[in-house]
2 protein chains.
Amino acid sequence: MTKTESSSESHLSGVALWRRIADAIRLDIVGGKRQPGDRLPGETELAERFSANRHTVRRALAALQAEGVIRTEQGRGSFVDQARRVSYRIGKRTRFSENLAGQAATISRDMLSSRLENATASVASALGLRAGTKVTRLETLSSADNRPMSRASIWLSYATFPDFATRFMENPSITATLASYGIADYARASTRISARHADADETATLKLAPGAILLVSEAVDTDLAGKPLLYALSRFPADLMELVV
Amino acid sequence: MTKTESSSESHLSGVALWRRIADAIRLDIVGGKRQPGDRLPGETELAERFSANRHTVRRALAALQAEGVIRTEQGRGSFVDQARRVSYRIGKRTRFSENLAGQAATISRDMLSSRLENATASVASALGLRAGTKVTRLETLSSADNRPMSRASIWLSYATFPDFATRFMENPSITATLASYGIADYARASTRISARHADADETATLKLAPGAILLVSEAVDTDLAGKPLLYALSRFPADLMELVV
DNA sequence: TTATGTTGTCTATTTTATTAGACAAGTAGA
DNA sequence: TCTACTTGTCTAATAAAATAGACAACATAA
């Protein structure tokens, strides 16, 4: 409900009007301006506010309902279902499960797949290896209260951590698996944060609406001596999470 | 060039196919996969790769050319113009001008406007004030090499910093203006990072293509004793910048 | 010059997005 | 029950996105 844009400029945007309306309403909800249980303005009023037809507003509301952000009841109105964004803390010691403790009842991390591959230039430079070195690549999906919250790709040197994937599969925790190699502690060396639209695969695994925005974090964790242990590329739905430094 | 999406699902997305194609190509460029000067594949090949019509690809390329990301020459092809993203470092000591030094030749910060207003709940809690307290609000635009890179809204307690706006206008540097009040040094207490689409105003002042994605940083700077000095809400074009923690 | 591959431009058609209006069906309070 | 307001559903018309095909204009190398 933050912006009102005339439909005459829609052809410049490449983003459908109903989606811009849905984005604006969702922004107020995940930003905390509207609390769960609150009733949204009526469809006619929203149509006026966005200078759009009521049918266009209805399409936006239908999309938000499909996302689980609101719930619409005939004769009564639309009501906010989803709470505001949860925070993911980034610091020297960044641990996924510790991080969301207190903000969700159940937290889980699943391994989607793993494979052995040759390090690309970016992976090699992050891990301090030569390009082409054998590395283990893990694909994981993390959830809070059964809602997918993070899709990560993780690379580790195969020579340093042989068999990492099978150990991780038994107990899908990075901290625990590293401990099994004698790494008692590790620290976050650097984090690069960017944002972009989700692709088809990410839309599916994270159960997002097409066109959703992701926060992308590229991080390197090192041992206490500063030697790179792993390189992680994590994608967070921007509507569900914010990163706190 | 990362994803290939069938056009049959476009009606679910709310984002036009030509814009999804433009986003994919731009992502490869700002991500460093394509260097300035590189030639893109021909329109016919791109059309095949994205399962789209050549006219649709042409519209995507036209949009990228209007953004200044590529340049198209008849009979020759399309060539990458823009370099990869620049990095904005976030840490205990975060200073805009120091941060981009070395990545751009000229760096400037302009004040767009200032006004006195009553603190909203979120501003008040960030600055440790009571809601409704008088605060100065600055709207600034920062550029590197004459390219707008950051649009920020900054709030400070009016009682603590009377006249801040006029002092800032004379020398538009936060560090320098705080120094004029006897604040020799200050530190970043917290930063919250999220992402969303740009609204109409941001699209205009940051000279972005409609529908562009912004990285949003909400930060509180404090004096060395930990007392909040200012609250800043900065928006960075996600295609031009990445945040490094 | 010629052959080939590239981008530029035109017309036409189909599909989707958006608008417009009318009325049914549900809710809540007087 | 009655009234006023809400969401749900239908038909229809217009605007924009996307596809399809043909050919012109330009660049490059043989």
Side-chain angles (χ1 to χ4, degrees), chain A residues 3-25 37-66 69-81 197 209-211, chain B residues 3-25 37-66 69-81 197 209-211:
Chain A
K3 61 182 167 182
T4 303
E5 223 165 321
S6 100
S7 60
S8 62
E9 44 182 315
S10 69
H11 62 286
L12 297 170
S13 133
V15 181
L17 180 55
W18 64 266
R19 173 147 290 282
R20 299 205 302 274
I21 294 173
D23 286 349
I25 296 175
D38 283 3
R39 183 180 173 282
L40 295 181
E43 292 172 354
T44 318
E45 186 180 338
L46 287 173
E48 274 178 25
R49 205 177 291 191
F50 287 105
S51 308
N53 189 273
R54 188 177 144 234
H55 293 88
T56 309
V57 169
R58 282 178 59 75
R59 189 162 183 181
L61 294 177
L64 291 173
Q65 186 163 36
V69 175
I70 65 167
R71 157 186 37 94
T72 301
E73 297 178 22
Q74 181 168 358
R76 305 220 313 136
S78 294
F79 300 86
V80 176
D81 245 23
H197 282 121
Chain B
K3 62 183 168 183
T4 305
E5 224 163 321
S6 103
S7 61
S8 62
E9 46 183 314
S10 70
H11 63 287
L12 296 169
S13 134
V15 181
L17 180 56
W18 64 265
R19 174 147 290 281
R20 300 205 302 274
I21 293 173
D23 286 349
I25 295 175
D38 284 2
R39 183 180 174 281
L40 295 181
E43 294 173 353
T44 318
E45 185 181 338
L46 288 173
E48 274 177 25
R49 204 177 292 193
F50 288 105
S51 308
N53 190 276
R54 187 178 144 232
H55 293 87
T56 310
V57 169
R58 282 178 58 74
R59 188 160 182 185
L61 295 177
L64 291 172
Q65 187 163 35
V69 175
I70 65 168
R71 158 186 36 92
T72 300
E73 297 178 22
Q74 180 167 358
R76 305 220 312 134
S78 294
F79 301 86
V80 176
D81 246 22
H197 282 123

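The figures here come from the full heavy-atom set of this structure, side chains too, leaving out hydrogens, waters and symmetry mates. First the proteins, then the strands, lettered A, B, ... as listed; each starts at 1.
The residue among His55(A) and Gly75(A) whose nearest nucleotide of DNA chain C is located toward the 5' end is His55(A).
In this structure, the CD atom of Glu73(A) is 14 Å from the C1' atom of dG8(D), given to the nearest Å. For the pair Asn53(A) CG and dA22(C) P, the interatomic distance rounds to 13 Å; values are reported in whole Å. Computed from coordinates, the Phe79(B) CZ to dC26(D) C1' distance equals 13 Å when rounded to whole Å. Here dT7(D) presents its P atom at 13 Å from CZ of Arg71(A), a figure rounded to the nearest Å. As a whole-Å value, the separation of Leu46(B) CG from dG5(C) P is 17 Å. In this structure, Arg19(A) places its CZ atom 21 Å from P of dA16(D), rounding to the nearest Å. The CZ atom of Phe50(B) sits 14 Å away from the P atom of dA18(D) (whole-angstrom rounding). Atom CD1 of Ile70(A) is separated from atom C1' of dT7(D) by 12 Å (rounded to the nearest Å).
When the side-chain nitrogen and oxygen atoms of Thr56(A) are compared with OP1 and OP2 of dT19(C), one or more of them lie within a distance under 4.0 Å. Look at Arg76(A) and you'll find a side-chain N or O under 4.0 angstrom from OP1 or OP2 of dA28(C). In this model, the phosphate group of dT19(D) is not approached by any side-chain N or O of Arg54(B) to a distance below 4.0 Å at OP1 or OP2. At dA18(D), none of the side-chain N or O atoms of Arg59(B) fall inside 4.0 Å of OP1 or OP2 (strictly under the cut-off).
Here the straight-line distance linking atom OG of Ser78(A) with atom CD1 of Ile25(A) works out to 8.0 Å at 0.5 Å rounding. To the nearest 0.5 Å, atoms CG (Leu17(B)) and CZ (Arg20(B)) are separated by 5.0 Å. Taking CG from Leu61(B) and CD1 from Ile21(B), the interatomic distance works out to 8.5 Å, rounded to the nearest 0.5 Å. Distance check, rounded to the nearest 0.5 Å: CG of Asn53(A) to CZ of Arg58(A) gives 11.0 Å. Atoms CZ and CZ, from Arg76(A) and Arg71(A) in turn, are 7.5 Å apart once rounded to the nearest 0.5 Å.
When distances are taken from the side chain of Arg39(B) to each of dC10(C), dT6(D), dT6(C), the shortest belongs to dT6(C). For Ala16(A), whose side chain is taken as the heavy atoms from C-beta onward, the closest listed nucleotide among dG21(D), dG8(D), dA17(C) is dA17(C). In the set dT9(D), dT6(C), dA17(D), the nucleotide with an atom closest to the side chain of Trp18(B) is dA17(D). When each of dT19(C), dA17(D), dG8(C) is scored by its nearest atom to the side-chain atoms of Glu43(B), the top-ranked nucleotide is dG8(C). Taking only side-chain atoms of Ala52(B), from C-beta outward, the nucleotide of dG8(C), dT7(D), dT19(D) with the closest atom is dT19(D). When each of dT9(C), dA17(D), dT7(D) is scored by its nearest atom to the side-chain atoms of Gln74(A), the top-ranked nucleotide is dT7(D).
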